[in-house]
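In this text the structure is predicted, and so the values were computed from the model without any measurement. Residue numbering restarts at 1 for every chain, and letters A, B, ... go by the order of the sequence lines.
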Amino acid sequence: MYAIDHHDYGTPPSDSQVRVTVEIDGTPLEVPEGTSVMRAAALAGTSIPKLCATDSLKAFGSCRLCLVEIEGRRGYPASCTTLVADGMKIRTQSDKLAQLRRGVVELYVSEHPLDCAGCPADGHCELQDMAKLHGVTENVFAKDGRCSERITHESKARVQALMTDNSNPYFSFDPALCIACSRCVRACDETQGTLALTISGRGLASQVSASAAELFIDSECVSCGACVEACPTAALSEKSIAALARPAEKSVTTTCAYCGVGCSLKAEVIDGQVSRMVPNRDGHANNGHACVKGRFAYGYATHPDRIKAPMIRAKITDPWREVSWDEAIQHSANEFRRIQAKYGRDAVGGITSSRCTNEEVYLVQKLIRAAFGNNNVDTCARVCHSPTGFGLKQTLGESAGTQTFMSVMKSDVAIVMGANPTDGHPVFASHLKRALRAGAQLIVIDPREIALVRTPHIEAAYHLQLRPGTNVAIISALAHVIVTEGLVKEEYVSQRCEKEAFDKWRSWVADPRHSPEATEEVTGVPAATVRGAARLYAAAKNGSIYYGLGVTEHSQGSTTVLGIANLAMATGNLGREGVGVNPLRGQNNVQGSCDMGSFPHEFPGYRHVSDDSTRHLFEGAWGVELSDEPGLRIPNMFEAALDGSFKGMYIQGEDLAQSDPNTLHVVAALSALECVVVQDIFMCETAKFAHVLLPGSSFLEKDGTFTNAERRISPVRKVMEPIAGLADWEITQRLSNALGYPMNYQHPSEIMDEIARLTPTFHGVTYEKLEQQGSIQWPCNAEAPEGTPTMHIGSFVRGKGKFFVTEYVATPERVNGRFPLLLTTGRVLSQYNVGAQTRRTQNNVWHSEDTVEIHPHDAEVRGIAHGDWIGIVSRAGETVLRADVTDRVQPGVIYTTFHFPESGANVITTDNSDWATNCPEYKVTAVQVVKVSKPLDWQLRFRENRESRLPSRREVARETL
Amino acid sequence: MHAEMLVRMVNQIAEFYGTGSAPDIAANETLSHLKRMWAPRMCKQIVEIGSDDPGLSPISRVAVGLLAAAQAQKRVAG
Ligand code: SF4
Ligand code: SF4
Ligand code: SF4
Ligand code: FES
């Protein structure tokens, strides 16, 4: 069922620019060519009865309920599948139409149980609506004897044979309520692109089934919920609404707090609690789609593990003591001031959270710069996309992706590099799959065979399965082919790029040592594959590049980003729809946290702290003198903590102890601090080193904005009151006041007004405009009052695009006899980052522990079988995980995720980092693996204490049947 | 911070800017990167480590020497 406040137009809009005039029941109306008669009528305010149509799916024309009369045409065409034509005269109401429609509804009702009271869809069921509209209240076939024996027999047999499938933790499928409209099947195909559902059987015996008549949990279903949203009855419905058994009271439009796609969601609310989360069909990033995380995994917000009261302790070995907000805040402020008095102004700093809102991040960096009086502020982007900020700023002039997500629909060739969108950015993956099904071609550059290499109806044209750590070499090899085979878009480059830098780059990359043949030995990718991929991308009318952490989290992360921008400029693939350089950013607001001045060298809007005019602007607005020198980055803060010059940290919603590399080093640094104030919703790993715990608020408990990877600022709206009493922006404001630097915002909109005043790319952003437009892509100012969907049209933000020479330098992390394998890391669909949120949901059903993928050959020579415990030893440390023997990884490479603290993936990653930004090299660690009998002692302790050990999929399926 | 780590970081930066550029240009680019991206205490420490540290690459040495000169000038001016 779609959202309670959704007005359905029956079929999707047409994007034609040509307008035609039609007459609906005598009223003239102008609509775009290609619009269905059903949609035209809806636009005119007339709802034509329907069951198999909905405006998120292409018209199918199976229910025959939407019949209309068209002047000059014979019969009664279906309005959902009939397109308007200029001058068309349509009648939507007549006695004959009413009679035909009633007959159809009677037939559907005859096949459907009539006990609406108690049904989860009662009050929001389209069949119930149609029955009411046509006055059908009973099964007339059974009553007046019109019911043929065949129907009775088939119906009974069918219903008896069918059992409700409760195997999915979030939704159930009750075949008895199914009207075989196939909306679910089409949603799985068209919206999600998984093709997990089919309709089997014919006529009245037709029936929906998942994969080969399996339980949903055992099928290919990825639990995105698109089928549930599309279902007009309660056949597919959320278990959460079945449990509450009454219609939602209201719907609040907000933004998902998981990945950087930033899907717009509607939280439906009963008694101040979320009854279900429905994707917003008007959402600009997601177009009415979502994934298992945003759609279903919001239960962590009310999990019993939430911290509900502030706590303090003198030493990290002491027990926690619950205190009042005032005491916790005053104690924190006193401690920070004591440390500054004793060790100097620069001995304290803080971390902003990419999960908090823009307004909250802005306040934390303001507190650090204005109240602490230094620039020791950093954010988790340090460990993910700081090379993106650096590389794109250098080459193009702006530290952000260039397109909208929907731009991929206009791509002819898309490169996906170092990203796994079906797991990390699922809704973007669905958009991409739609483009690929429509004929676009795909090039995957990744050490693993990610799902997009081969999925139903899709096969990548090329998979460049390179060795981890050789990104720069492969990008140079692609560029070499483009330059030496005459594939450069000369006119574009000469008009839009710096000539001297381009000439230098061209002659450098043309050197035969960069050819695919010469680099093959380093990258492991056959030269012919590289040449084919380069030609395909360069020849595309529109070629786009999407990349993820597999690009940035390397010692040459920034170099690869520069190389990617070089490729796009050389082929003219920037500055229009369908092209571009698009970082797939990890966390919901990592773009926003960077935009808001979370880096130690930049004020909001990416302006350097040494820039006098910018600094004076902020000094004027904030009423303090500001430092003109960069502060410490996260790894530098740790180093400084260990050498005794850095003593206090204010950490807003980041779990540094779990997410940062070389855990042992991080733990030693955190332990050396005299005051750690952690503001979080859970007792995270970092909290173990804290002296003050300030309970934060989830995205459901506050107003604000998130900015996604397309630079799209979307509203976050309060659905319920903060569990511990304060939203994060209120906590920071109180801390600042206690530090003696006053902040007095009454609402986050006032913070956004300040951001807009002080940041040129945000000058035009207001809450009112967000309300009107739904979302805004920055830059939004006098030149672009409604925002900027596509960047760099006509010219680059920096003026002329700048090419950089990108020499490949092998990572110092080398394999040798002692550490012969390369470990690389990633994530799975059902879990999110360090897992603090998703581990506290039923998503554990799909992934309840991290495993390590190892190639069958590497496993065999070590005597390792699938499911064995294996010890992984690196130069930094060791851990134990279960083996997943698979050829998704190549020989010599192993792969794991880091969603569970006991996995210790970061215990074994080293402290190598990107040369320009210090982004850690998570993606390459030389290791050895050996078969062992059990996990390490510290891992066993973690497992024992873990918040939830959920049963496996099979057990769940069996229990819930 | 560990001296060894700082030396490695400067060398990585110098290596990037050194590709295809004259050494003096590369040293100036490296200097500019240090000034823009490094915290003052890191700059101070690398200057203390000294431009004659044997671990530094030739371009790094020039860059660290330039940084020391810039800091001395700033002290005089300040
Ligand atoms: S939940 Fe998503 S993947 Fe699963 S069957 Fe429904 S549409 Fe397909
Ligand atoms: S499960 Fe729902 S959407 Fe699917 S065919 Fe049945 S009624 Fe239609
Ligand atoms: S996790 Fe990402 S793709 Fe999934 S619903 Fe949230 S924003 Fe959308
Ligand atoms: S709604 Fe048009 S045929 Fe079903």
**Student:** Quick one: of B:Lys35, B:Met42, B:Arg41, who has the most non-hydrogen atom pairs under 4.5 Å with chain A?
**Tutor:**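 Max contact count across the listed options: B:Arg41.
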**Student:** Would you say A:Thr484's side chain and A:His480's backbone share a donor-acceptor pair under 3.5 angstrom?
**Tutor:**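 The answer is yes, because a donor-acceptor pair under 3.5 Å joins these two groups.
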**Student:** Would you please test A:Lys393 and A:Tyr606 for side-chain contact (heavy atoms from CB on, under 4.5 Å) and show each step?
**Tutor:** CA-CA 9 Å; A:Lys393 180 99 178 170; A:Tyr606 303 98; 3.7 Å; yes
**Student:** For chain B, which residues of residues 802-812 of chain A have at least one non-hydrogen atom nearer than 4.5 Å to it?
**Tutor:**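 So the qualifying residues are A:Phe804, A:Val805, A:Glu807, A:Val809.
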**Student:** Can you tell me if A:Ser555 and A:Asn912 form a side-chain donor-acceptor pair at under 3.5 Å?
**Tutor:**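 Distance-only check fails for A:Ser555 and A:Asn912.
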**Student:** Could you tell me whether A:Lys504 and A:Glu498 have a side-chain N and a carboxylate O separated by less than 4.0 Å?
**Tutor:**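 Here A:Lys504 does not pair with A:Glu498 in a salt bridge, since their nearest N and O are not under 4.0 Å apart.
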**Student:** Just checking heavy atoms, which of residues 636-645 of chain A are less than 4.5 Å from chain B?
**Tutor:**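 If one takes a 4.5 Å heavy-atom cut-off, the residues of residues 636-645 of chain A near chain B are A:Asn636, A:Glu639, A:Ala640, A:Asp643, A:Ser645.
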**Student:** Before we go on, tell me: are the rings of B:His33 and A:Phe390 under 6.0 Å apart, centre to centre?
**Tutor:**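 Yes, close enough.
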**Student:** Output the distance between atom CZ (B:Phe16) and atom CG (B:Asn11), rounded to the nearest 0.5 Å.
**Tutor:**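 With rounding to 0.5 Å, CZ (B:Phe16) is 15.5 Å from CG (B:Asn11).
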**Student:** Okay, side chain of A:Ser874, backbone of A:Gly877: is any donor-acceptor separation there less than 3.5 Å?
**Tutor:**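 Pair found, side chain donor or acceptor close to backbone of A:Gly877.
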**Student:** Can any side-chain N or O of B:Asp53 pair as donor or acceptor with the backbone N or O of B:Val7 at less than 3.5 Å?
**Tutor:**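 No: the side chain of B:Asp53 does not pair with the backbone of B:Val7.
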**Student:** Ignoring hydrogens and angles, tell me if any N or O in the side chain of B:Thr19 forms a donor-acceptor pair with the backbone of B:Glu15 under 3.5 Å.
**Tutor:**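 Pair found, side chain donor or acceptor close to backbone of B:Glu15.
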**Student:** Roughly how far apart are A:Leu396 CG and A:Leu562 CG, rounded to 0.5 Å?
**Tutor:**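 Result: 9.5 Å between the selected atoms.
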**Student:** Could A:Glu813 and A:Arg875 be called an ion pair, given the rule that one side-chain N must be under 4.0 Å from one carboxylate O?
**Tutor:**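 Looking at A:Arg875 together with A:Glu813, the answer is yes, because their closest N to O distance falls below 4.0 Å.
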**Student:** Is chain B contacted by the side chain of A:Asn376, its backbone, both, or neither, given a heavy-atom distance below 4.5 Å?
**Tutor:**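 Interface part for A:Asn376: side chain.
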**Student:** Would you confirm whether A:Thr917, through its side chain, and A:Asp914, through its main-chain N or O, come within 3.5 Å as a donor-acceptor pair?
**Tutor:**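 Such a contact is absent between A:Thr917 side chain and A:Asp914 backbone.
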**Student:** Going from CD on A:Glu553 to NZ on A:Lys923, what distance comes out if it is rounded to the nearest 0.5 angstrom?
**Tutor:**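 Nearest 0.5 Å value for the CD-NZ distance: 5.0 Å.
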**Student:** Considering only heavy atoms, which portion of B:Arg8 lies under 4.5 Å from any heavy atom of chain A: side chain, backbone, both, or neither?
**Tutor:**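 Interface part for B:Arg8: side chain.
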**Student:** Tell me whether A:Asp628 contacts the main-chain N or O of A:Asp612 through its side chain, where contact means a donor paired with an acceptor under 3.5 Å.
**Tutor:**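 The answer is no, because no donor-acceptor pair under 3.5 Å joins these two groups.
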**Student:** Pull out the residues in residues 43-52 of chain B that come under 4.5 Å of chain A, heavy atom to heavy atom, sorted by number.
**Tutor:**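 Contacts with chain A: none.
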**Student:** Supply the atom-to-atom distance B:Arg36 CZ to A:Ser610 OG, rounded to the nearest 0.5 angstrom.
**Tutor:**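 Going from the CZ atom of B:Arg36 to the OG atom of A:Ser610 covers 5.5 Å.
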**Student:** Is it true that A:Lys499 and A:Asp503 make a salt bridge, defined as a side-chain N closer than 4.0 Å to a carboxylate O?
**Tutor:**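 Here A:Lys499 pairs with A:Asp503 in a salt bridge, since their nearest N and O are under 4.0 Å apart.
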**Student:** Distance check, rounded to the nearest 0.5 Å: B:Ser57 atom OG versus B:Gln12 atom CD?
**Tutor:**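 Between B:Ser57 OG and B:Gln12 CD, I get 11.0 Å after rounding to 0.5 Å.
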**Student:** Using non-hydrogen atoms and a limit below 4.5 Å, what part of residues 20-27 of chain B faces chain A?
**Tutor:**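 Listed by number: B:Gly20, B:Ser21.
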**Student:** Let me confirm one number: the CZ-CZ distance from A:Arg369 to A:Arg615, rounded to the nearest 0.5 Å.
**Tutor:**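 That separation rounds to 11.5 Å.
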